[in-house]
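Below is one structure, written out as structure tokens; comments come after it.
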Amino acid sequence: MEDFNSNDRKYQEAKKQVKAIKGFYIHAAVYILVNLFIVAQNVKGGASAGDMDNYWTAIFWGIGLLAHGIGVYVPKFILGRKWEEQKTRELMDKYK
């Protein structure tokens, strides 16, 4: 395996991205476990599994999870390093 210089910019960016992905995976796992528990408790308490009241937490939390996923994965494709470098050059040329 190749040794990486911990001061290398690319290494630091990759490490930061891995941490963000790991955080998203943990968020997704907690989302699944907690919502399964909530639905199970509601069904155990007498509500039917098809009752919409069981799913409001999952729906709104799911919107937050989706936003988290977009925050982790989309910026790399839309506003990634190439865009940053291009914008930096553009602004440097503008202020010369």
Please say yes or no: joined through hydrophobic side-chain contacts below 4.5 Å, possibly via intermediate residues, are [X] and [Y] part of one cluster?
{"X": "Phe60", "Y": "Val39", "answer": "yes"}
{"X": "Tyr11", "Y": "Val18", "answer": "no"}
{"X": "Trp56", "Y": "Leu33", "answer": "no"}

**Report entry** Closest non-hydrogen atom pair, Ile21 against Tyr73
**Finding:**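 Heavy atoms only, the tightest pair is CG2-OH, 3.5 Å.
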Query raised in the report: Looking at Trp61 and His27, what are the two nearest heavy atoms and their distance?
Result: NE1-NE2, 2.9 Å
Query raised in the report: When Ile, Leu, Val, Met, Phe, Trp and Tyr are grouped by side-chain heavy atoms lying under 4.5 Å apart, directly or through other members, which residues fall in the same group as Tyr95?
Result: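 When side chains under 4.5 Å apart are linked, the cluster holding Tyr95 also contains Leu91.
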Query raised in the report: Which residue pairs pass the salt bridge (Lys or Arg N to Asp or Glu O under 4.0 Å) test with at least one member in residues 13-33, sequence neighbours excluded?
Result: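 Listed once each, the pairs are Arg9-Glu13, Glu13-Arg81.
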Query - Atom pair CG/OH of Leu66 and Tyr31 - distance to nearest 0.5 Å - result: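 One gets 10.0 Å once the value is rounded to the nearest 0.5 Å.
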Query raised in the report: Nearest 0.5 Å, what's the OG1-CG distance between Thr88 and Asp93?
Result: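 Thr88 atom OG1 to Asp93 atom CG measures 10.5 Å (nearest 0.5 Å).
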Report task. Would you sort out whether Leu65 and Phe24 count as a side-chain contact (heavy atoms from CB on, under 4.5 Å), showing the intermediate values? Result -> CA-CA 8 Å; Leu65 182 62; Phe24 175 71; 3.7 Å; yes
